[in-house]
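Excluded from the calculations below are hydrogen atoms, water molecules and symmetry mates; all remaining heavy atoms, backbone and side chain alike, are included. These numbers come from a predicted model, not from an experiment.
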Amino acid sequence: MSLVGKKFPNVTIDAMSEMGDDLRINILEEATSNQQKVILFWYPKDFTFVCPTELHAFQDALGEFAKRNTKVIGASCDTNEVHFAWLNTAKDKGGIEGVTYPLLADTHRQLANILGIVDQDFEYNEDGEETFTGSNVTYRATYLIDETGKIFHESVNDMPLGRNVKEYLRLIDAYTHVQKHGEVCPANWEEGKDAMKADRTSTAEYLAKN
């Protein structure tokens, strides 16, 4: 079930800073209390393969997110201790040394289960016993949350598929344009391009020019 248009769940989760500090982070409060947008991206596991490429890609774009008043937060179901070990592993050894944004440690899968992004399924065998299938880690889910705590974008990739960080910057730009100007953004819209009013005349004029 989609959460777009709804408030982000009001849940506080353990997290780790790049300095090794144990944190407690509530995504809803991060957005509303600090009047900023938040991008929360989930990845399956620390010390894996596609995951470090994504964490470094978000780190490389951190300045661009900051320009857009957007806080970057990563998340998995690993522990704070595993996060810290990975943060202290060099990039050329498969680590994420140099990543400076916080990482949620949702070890009890409290928030991940509320969001419905954990690869897990429960079935019953012939004896009526409950059996578990799945990896019990999260898919590559991404949430964009605005200053009111509302989710304005969500997407979920299967585990082998890395994300395009530039697309999230484009989506933030588009949503900010809507907030500021009350216009709607057509397909493939980018900052500086024409947007439209939400009426037939404006759509027709846009299509005639494009």
Shortest non-hydrogen contact from [X] to [Y]?
{"X": "P44", "Y": "V137", "answer": "O-CB, 3.5 Å"}
{"X": "L87", "Y": "M16", "answer": "CD1-CG, 4.0 Å"}
{"X": "E30", "Y": "V38", "answer": "CB-CG2, 4.2 Å"}

Between [X] and [Y], is there shared hydrophobic-cluster membership here, with clusters defined by ILVMFWY side-chain heavy atoms closer than 4.5 Å?
{"X": "V156", "Y": "L161", "answer": "no"}
{"X": "I25", "Y": "I151", "answer": "yes"}
{"X": "L115", "Y": "F41", "answer": "no"}
{"X": "I73", "Y": "W42", "answer": "yes"}
{"X": "W189", "Y": "F152", "answer": "no"}

Which residues satisfy the side chain to side chain contact (heavy atoms under 4.5 Å, CB included) test with [X], sequence neighbours excluded?
{"X": "K6", "result": "L3"}
{"X": "D199", "result": "K197, T201, S202"}
{"X": "R200", "result": "none"}

Apply salt bridge (charged side-chain N to carboxylate O under 4.0 Å, His left out) to [X] and list each qualifying residue two or more places apart in sequence or on a separate chain.
{"X": "D14", "result": "R24"}
{"X": "D194", "result": "K209"}
{"X": "K67", "result": "E64"}

Hey, could you give me each pair passing salt bridge (Lys or Arg N to Asp or Glu O under 4.0 Å) that has a residue in [range]? Not counting sequence neighbours.
{"range": "residues 52-63", "answer": "E54-R140, E54-R163"}
{"range": "residues 104-120", "answer": "none"}
{"range": "residues 73-96", "answer": "none"}

Rounded distance (nearest 0.5 Å) linking atom [atom1] of [X] with atom [atom2] of [Y]:
{"X": "E154", "Y": "L40", "atom1": "CD", "atom2": "CG", "result": "11.5 Å"}
{"X": "I13", "Y": "H108", "atom1": "CD1", "atom2": "NE2", "result": "9.0 Å"}
{"X": "H56", "Y": "C51", "atom1": "NE2", "atom2": "SG", "result": "11.5 Å"}
{"X": "T142", "Y": "I39", "atom1": "OG1", "atom2": "CD1", "result": "6.0 Å"}
{"X": "T176", "Y": "D146", "atom1": "OG1", "atom2": "CG", "result": "9.5 Å"}
{"X": "T12", "Y": "L28", "atom1": "OG1", "atom2": "CG", "result": "9.0 Å"}

Can you find a pair of side-chain heavy atoms, one from [X] and one from [Y], that are under 4.5 Å apart?
{"X": "W86", "Y": "S76", "result": "no"}
{"X": "Y139", "Y": "D158", "result": "yes"}
{"X": "K7", "Y": "I145", "result": "no"}
{"X": "V11", "Y": "Q110", "result": "yes"}
{"X": "F8", "Y": "T32", "result": "no"}
{"X": "T70", "Y": "Y168", "result": "no"}
{"X": "M159", "Y": "V50", "result": "no"}
{"X": "K45", "Y": "V82", "result": "no"}

Kindly state each residue pair satisfying ring-ring contact (aromatic ring centres under 6.0 Å, His included) with at least one member in residues 13-38, sequence neighbours excluded.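 Residue pairs passing ring-ring contact (aromatic ring centres under 6.0 Å, His included), neighbours aside: none found.
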Would you say that more than 12 heavy atoms from the other residues, nucleotides or ligands in this model lie under 6.0 Å from the CZ of F47, or not?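 Yes, because the 6.0 Å sphere around CZ of F47 holds more than 12 heavy atoms from other groups.
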Any side-chain to backbone donor/acceptor pair from [X] onto [Y]? Under 3.5 Å, distance only.
{"X": "T138", "Y": "Y43", "result": "yes"}
{"X": "E190", "Y": "R170", "result": "no"}
{"X": "T89", "Y": "A85", "result": "yes"}

Listed pairs under 3.5 Å, donor-acceptor, residues 94-104 side chains, sequence neighbours left out:
| from | atom 1 | to | atom 2 | distance (Å) |
| --- | --- | --- | --- | --- |
| T100 | OG1 | Q59 | OE1 | 3.3 |
| T100 | OG1 | Q59 | NE2 | 3.2 |
| Y101 | OH | L55 | O | 2.7 |

Assess whether side chain to side chain contact (heavy atoms under 4.5 Å, CB included) is satisfied between N34 and K71, documenting all intermediate values. CA-CA 10 Å; N34 298 316; K71 185 179 181 76; 5.7 Å; no
Could you go through residues 179-188 and list every donor-acceptor pair under 3.5 Å that involves a side-chain atom there, pairing it with any protein atom two or more places apart or in another chain?
| from | atom 1 | to | atom 2 | distance (Å) |
| --- | --- | --- | --- | --- |
| Q179 | OE1 | K37 | NZ | 2.9 |
| Q179 | NE2 | E147 | OE1 | 3.1 |
| E183 | OE1 | H177 | NE2 | 2.8 |

